[in-house]
Amino acid sequence: MIGLGLLLLIIAGAGAYDAISSLLDAIGVHRPADDVLAASVIRMAVMVGACFVAALIIAFASIVFMRREFERRRRTEERLSRVLKTAEQAGDLITILEKRGRIEYVNRAVEQATGYTQKELLGKRSKPLVPWYPDEKTVQKMRVDVLSGNPFRAVLACRSKSGEQFFIQEHVTPLKDNRGNITRMLSTAREITRQKQLEERLDYLDNYDPLTGASNRRSFAELLRQEMAVLRNGDQLLSVMIMDIDRFKYINDLFGSEVGDEVLKRISETLRATVGKGDIVARLGSDEFGVIHRYGAHLIDTASIAEHIRRAITQKVMIGGQDIVMTVTMGIALFPDNGKDAKTLLKNADMALSRAKSQGRNTVQFYSTDMIDRISDFYFMEKRLFNALKNEEYLVLYQPYCDLSTKKIAGAEALIRWKSGDQDAVSPSKFIPTLEDTGMIIDVGEWVLRTACRQIKEWNRSNRNLSVAVNLSLLQFRHRNFIAMVSEAIRDMGIDPRNLTLELTESICIQDMDLTISLLKKLKQVGVSISVDDFGTGYSSLNYIKKLPVDNIKIDMSFIRDVAKDPDAASIITAITSLARSLQLTTIAEGVESEEQRNILHLLRCDLGQGFYFSPAVPASEFKKLLE
Ligand code: C2E
Ligand code: MG
Ligand code: MG
């Protein structure tokens with residue numbers, strides 16, 4: 001600057017002298033040729049003067065220029081500091097990178113989101129240059145895009161310093177210098193982890209059941225469509241199984257929804273562990289599950305997996321301190337035989353399920369074309385049952401149980417029938433599940449109990465000491481009024497409570513043993529006898545019976561049926577009778593159909609027997625004849 005100034009000064013001085021000489025020449029002021037010295041002095045003086053003026057001008061110009069420059073810089077710095085302050089406080093992540101990808105600036109939001117400090121990031125030369133980026137390839141792609149003048153936009157799954165995943169929506173633009181060259185890259189990014197999680201959750205909820213993690217109904221249908229599309233060309237077959245957990249409503253009502261939820265989770269786990277690899281498990285509704293099972297060319301495979309599932313689910317489990325017995329009812333439709341599209345297949349599997357329900361629970365039913373009529377019968381039946389009690393359509397039959405050695409009648413079991421219009425009497429296994437589902441069993445059960453009490457009164461008038469056994473449903477047994485209702489019925493009829501026996505199935509006894517024991521103790525105080533019905537079905541241990549205040553064990557008819565030919569059945573019966581003897585309980589064999597069975601059972605030290613061998617269930621009037 002100073003050199004330039006001096007040069008300008010000399011040029012200006014010389015210029016000024018030349019200009020003044022030319023001016024003097026022009027106006028005729030001639031320089032005397034001999035006055036060279038004077039001329040030189042004048043020349044010098046003019047030169048010095050001109051230089052001085054030029055210096056003054058230059059100094060002035062420099063001051064003005066410097067002041068302006070100073071002002072500009074101050075303003076720039078002020079603006080920069082304002083920008084930085086704003087950037088620091090911004091919620092978005094702001095990063096400035098130089099051309100090679102090295103970080104020059106990060107704001108606080110970057111530090112917060114990534115867990116890296118400015119110090120760790122700025123000027124970093126070693127890779128990864130942007131350590132929170134998913135990978136180095138993405139950094140390079142971003143560089144290539146931006147350095148070729150294009151913005152880079154992406155949603156990235158990043159990792160913080162501590163390894164946590166977070167998502168950003170990033171926008172990187174090139175920064176240019178005055179000459180238009182790209183020197184830097186400016187990245188602004190927004191953290192969208194919550195939004196992403198929400199999206200993922202919504203996506204998840206769209207396809208999965210949040211409680212069990214199994215597919216939901218929507219995705220089940222979609223997966224079925226996909227599976228069918230794959231199989232359409234090949235010779236592989238497929239089956240759709242839809243199943244309902246039996247009396248799940250009671251589990252919820254009796255033990256609370258937390259236990260209910262746990263039951264559903266267990267069932268979902270059991271299903272997943274039981275079905276084949278590649279099979280699909282879904283929760284279709286509150287207690288409804290679905291399975292898409294691929295099977296080769298053999299129907300038998302489906303039948304066996306279905307039975308396998310049913311058995312796996314039918315078990316006693318301990319949940320939330322409660323013993324719970326779960327059973328399942330299942331309907332199955334086959335592709336391509338029972339439907340060529342997903343909708344039909346699902347509908348037909350549903351229909352098979354309804355059919356299975358109408359046959360009592362804990363069963364598996366395949367779809368068949370004649371089902372439609374029978375299903376509508378079932379729904380029709382549900383409607384008609386609502387008025388059955390009022391219309392006096394129920395009746396009670398009595399089946400004797402007899403001494404196995406003397407064949408003398410020791411008592412009777414009251415068995416309900418439903419007879420509406422001119423139809424045949426309907427078996428309780430067909431309509432009791434509906435009565436239980438609808439809660440009608442409470443009133444109907446009370447009616448049976450009172451009818452049985454009236455019968456006890458009548459038969460025992462002639463000083464016979466005959467017992468009548470009445471079956472109970474879980475819902476009745478757990479009903480808050482139950483004990484009071486029993487005592488009231490006994491009191492109203494004026495009977496000896498010892499002549500009334502209440503039958504509870506093994507599965508009812510085992511659900512929440514503590515509650516069962518306390519309820520049974522109260523019933524014992526009323527004075528009634530208790531039988532455990534269908535004993536030996538399903539549960540490996542018989543020992544729980546020791547804890548129950550009961551009087552009789554009714555050995556399930558499945559053992560009796562096989563007793564003559566199956567040594568296992570005989571040894572189970574022996575185990576039961578000796579256990580019963582040690583506890584001073586009476587044993588009653590159910591379903592005795594032949595003299596051979598009666599004889600063996602007697603040898604196995606069973607006390608009483610009930611079955612067609614002695615008599616089927618008959619109306620009270622006929623029973624009276626049997627007594628005589
Ligand atoms: P359960 O209490 O085990 O009753 C015995 C069932 O076996 C009766 O069927 C009876 O008819 C049948 N049975 C008797 N002897 C033989 C035989 O020698 N061979 C064969 N194959 N079967 C025989 P039922 O009357 O159809 O009753 C079925 C079930 O319905 C009963 O089983 C009982 O659990 C339930 N039930 C009946 N009445 C009532 C009721 O009033 N209330 C409730 N909650 N359940 C009832
Ligand atoms: Mg019974
Ligand atoms: Mg039974």
Side-chain angles (χ1 to χ4, degrees), residues 246-247 250 327 359-362 385 388-389 393-402 404 411-419 424-453 455 467-479 482 485-486 489 500-509 529-538 550 552-564 576 587-598 601 608-619 623:
D246 297 333
R247 297 176 191 90
Y250 300 150
T327 58
Q359 291 176 324
R361 307 292 156 110
N362 201 4
L385 273 173
L389 192 60
E393 291 172 358
Y394 294 116
L395 62 149
V396 176
L397 301 185
Y398 298 88
Q399 185 177 32
Y401 43 86
C402 305
L404 279 173
E413 178 174 7
L415 295 161
I416 192 174
R417 296 289 180 270
W418 174 41
K419 202 169 174 333
D424 291 341
V426 183
S427 149
S429 56
K430 295 244 164 75
F431 64 86
I432 292 246
T434 310
L435 295 183
E436 289 174 335
D437 279 352
T438 51
M440 291 190 276
I441 192 70
I442 300 293
D443 289 343
V444 176
E446 180 172 349
W447 176 83
V448 173
L449 188 96
R450 285 184 166 267
T451 307
C453 288
Q455 209 55 64
S467 271
V468 174
V470 172
N471 292 285
L472 297 180
S473 281
L474 177 67
L475 199 67
Q476 271 177 291
F477 181 53
R478 294 284 174 81
H479 195 263
F482 178 63
M485 187 275 282
V486 173
L500 176 65
T501 303
L502 298 178
E503 288 193 7
L504 286 162
T505 61
E506 188 178 47
S507 62
I508 295 178
C509 288
S529 306
I530 312 285
S531 292
V532 180
D533 205 351
D534 304 345
F535 188 73
T537 43
V550 297
N552 315 303
I553 293 178
K554 295 188 83 172
I555 305 169
D556 190 69
M557 65 176 84
S558 54
F559 301 109
I560 314 305
R561 198 173 41 225
D562 302 335
V563 70
I576 296 174
T587 42
I588 304 170
E590 296 190 280
V592 183
E593 292 184 352
S594 67
E595 167 60 20
E596 189 190 20
Q597 288 169 342
R598 185 205 63 83
L601 288 162
L608 304 171
Q610 178 183 347
F612 299 159
Y613 172 74
F614 299 105
S615 164
V618 293
F623 193 89

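Read the numbers this way: they start at 1 and go in the same order the structure lists the ligands and their atoms.
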Which atom of E503 approaches the Mg ion (ligand 2) most closely (N/O/S)
OE1

Protein contact of atom 3 (O) of ligand 1 - nearest heavy atom, named by residue and atom, plus distance:
E590 OE2, 3.0 Å

Nearest-contact summary for atom 43 (C) of ligand 1 - protein heavy atom, Å:
I432 CD1, 3.5 Å

For the Mg ion (ligand 2), find the closest N/O/S atom belonging to E413 and write down its atom name.
OE2

Under 4.5 Å between any side-chain heavy atoms of P619 and L395, yes or no?
no

Taking N, O or S atoms only and a limit of 2.8 Å, check whether D533 reaches the Mg ion (ligand 3).
yes

Hey, which atoms in ligand 1 end up nearer than 4.0 Å to a heavy atom of E593?
17 (C), 18 (O), 19 (N), 20 (C), 21 (N)

Atom indices of ligand 1 within 4.0 angstrom of M557 heavy atoms, with elements:
7 (O), 12 (C), 13 (N), 20 (C), 21 (N), 22 (N), 23 (C)

For ligand 1, which atoms have a heavy atom of E503 less than 4.0 angstrom away?
2 (O)

Given that the side chain starts at C-beta and the backbone is N, CA, C, O, which of these parts of L397 lies under 4.0 Å from ligand 1, counting heavy atoms, or is it both or neither?
neither

Closest heavy-atom contact between Q597 and G591?
OE1-O, 4.0 Å

If you count the atoms of ligand 1 from 1 in the order shown, which ones are under 4.0 Å from a heavy atom of L472?
44 (N)

Correct closest heavy-atom pair for G411 and F623 would be O-CZ, 4.0 Å

Considering only heavy atoms of S427, which atoms of ligand 1 have at least one such atom less than 4.0 Å away?
26 (O)

Closest non-hydrogen contact found for A414 with Y398 is CB-CE2, 3.9 Å

Heavy-atom protein contact below 4.0 Å for atom 32 (O) of ligand 1:
no

Before signing off on this row, confirm whether T505 and ligand 1 have an N or O atom pair separated by under 3.5 Å.
no

From D534 CG over to I553 CD1, what is the distance, rounded to the nearest 0.5 angstrom?
12.5 Å

Candidates S473, P428, A452, G591; heavy atom nearest atom 28 (C) of ligand 1 found on P428

Got a protein heavy atom sitting under 4.0 Å from atom 7 (O) of ligand 1?
yes

Name, closest N/O/S atom of E590 to the Mg ion (ligand 3):
OE2

In terms of residue, atom name and distance, what is the protein heavy atom nearest to atom 39 (C) of ligand 1?
I416 CG2, 3.7 Å

Specify whether Y394 and F431 have parallel, tilted or perpendicular ring planes, treating 30° as the upper limit for parallel and 60° as the lower limit for perpendicular.
tilted

Do side-chain atoms of E506 reach the backbone of G536 as a donor and acceptor pair under 3.5 angstrom?
yes

Heavy-atom pair with the smallest gap, counting every atom of K554 and E503
NZ-OE2, 2.6 Å

When you measure from the Mg ion (ligand 3) to the N, O or S atoms of D534, does any of those distances fall below 2.8 Å?
yes

Nearest protein heavy atom with distance in Å, relative to atom 42 (N) of ligand 1:
N471 O, 3.4 Å

With respect to Q610, determine whether any N or O atom, backbone or side chain, lies less than 3.5 Å from an N or O atom of ligand 1.
no

Could you tell me if T327 and N362 have a donor-acceptor pair between their side chains, going purely by distance under 3.5 Å?
no

Going by heavy atoms, is K554 under 4.0 Å from ligand 1?
no

For ligand 1, which atoms sit closer than 4.0 Å to a heavy atom of D534?
3 (O)

Quick one: are D533 and E590 in side-chain contact, heavy atoms under 4.5 Å?
yes

Note: L449 and A489 closest approach over all heavy atoms is CD2-CB, 3.8 Å

With I416, the side chain to side chain contact (heavy atoms under 4.5 Å, CB included) member among V426, I432, V470:
I432

With a 4.5 Å cut-off on side-chain heavy atoms, are W447 and V396 touching?
yes

Any N or O of E413 closer than 3.5 Å to N or O of ligand 1
yes

The Mg ion (ligand 2) to S531: any N/O/S contact under 2.8 Å?
no

From the list L502, V550, T501, side chain to side chain contact (heavy atoms under 4.5 Å, CB included) partner of S529 resolves to T501

Identify the two heavy atoms, one from Y613 and one from S594, that lie closest to each other, and give their separation to 0.1 Å.
CD1-C, 3.6 Å

Check V470 against ligand 1 and report side chain, backbone, both or neither, counting heavy atoms closer than 4.0 Å.
neither

Below 4.0 Å from any atom of ligand 1, is there a heavy atom belonging to R561?
no

For atom 16 (C) of ligand 1, what's the nearest protein heavy-atom neighbour? Residue, atom name and distance, please.
F612 CE2, 3.4 Å

Within-cut-off N or O pair, Q399 and ligand 1, under 3.5 Å
yes

Would you check whether A617 reaches within less than 4.0 Å of ligand 1, judged by its heavy atoms?
no

Is Q399 reaching over with its side chain to a backbone N or O of S615, donor-acceptor style, under 3.5 angstrom?
yes

Would V448 count as being in polar contact with ligand 1, using the rule that some N or O on each side must be under 3.5 angstrom apart?
no

Short question: side chain of S473, backbone of Q476 - any donor-acceptor pair under 3.5 Å?
no

